[in-house]
Amino acid sequence: MAAALLLLLTVPMLGVSDAAWCVCRSDASSAALQKTLDYACGAGADCSPILQVGTCYNPNTVLAHCSYATNSYYQRNGQAQTACDFSGTATLTSSDPSASGCVYPATAR
């Protein structure tokens, strides 16, 4: 019992996290990525950060914008696994894709 309690107290200190992000697949075609981006933004994702004046506009690539949009959609849909499919153009990752001042949400906001 004491060992189990010690384990429960130690695991959070090790930085173990169950956070997940949804990102677009780099092997998908630009047309497929654009279609996914358009769908996610039209279906409730917060796409304002990838607008030209947004904090996540750069890099200005369809892949980067697609990844931000699909992740926002995924988070806003409670991290449901089905909310990161997009006909195979997106995938789940446990690696935080945030970079260069662009923070990908890890929870709904």
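Counting heavy atoms from C-beta on, the side chains of Y68 and P105 come closer than 4.5 Å. Side-chain contact check for S67 versus Y104: some heavy-atom pair is nearer than 4.5 Å.
Applying the salt bridge (Lys or Arg N to Asp or Glu O under 4.0 Å) definition to pairs two or more places apart or across chains, none involves residues 87-101.
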List the atom pairs, donor and acceptor, that lie under 3.5 Å between side-chain atoms in residues 50-63 and the rest of the protein, sequence neighbours left out.
unit_1, atom_1, unit_2, atom_2, d
Y57, OH, N60, ND2, 2.7
T61, OG1, A64, N, 3.0

Can you give the donor-acceptor pairs under 3.5 Å from side chains of residues 23-32 to other protein atoms, not counting sequence neighbours?
unit_1, atom_1, unit_2, atom_2, d
R25, NE, D27, OD1, 3.1
R25, NH2, D27, OD1, 3.4
R25, NH2, D27, OD2, 2.8
S29, OG, A32, N, 3.1

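Legend: residues meeting side-chain hydrogen bond (donor to acceptor under 3.5 Å, both in side chains) with T91, ordered by chain and number and at least two apart, are absent. Residues satisfying the ring pair (Phe, Tyr, Trp, His ring centres under 6.0 Å) test with Y74, not counting sequence neighbours, are none.
Connectivity analysis of hydrophobic side chains (ILVMFWY, heavy atoms under 4.5 Å, direct or indirect) links F86 to Y39, Y73.
Closest approach of C22 and N71 over heavy atoms only: N-OD1, 3.0 Å. Among all heavy-atom pairs drawn from S94 and W21, the shortest one is O-CZ3, 3.3 Å.
No side-chain donor-acceptor contact under 3.5 Å links T36 to the backbone of T89. D38 places no side-chain N or O within donor-acceptor distance of the main-chain N or O of A40, the cut-off being under 3.5 Å. Judged by distance alone, with hydrogens and angles left aside, the side-chain atoms of Q79 form no donor-acceptor pair with the main-chain N or O of A19 at under 3.5 Å.
Rounded to the nearest 0.5 angstrom, L33 CG and T70 OG1 are separated by 9.0 Å.
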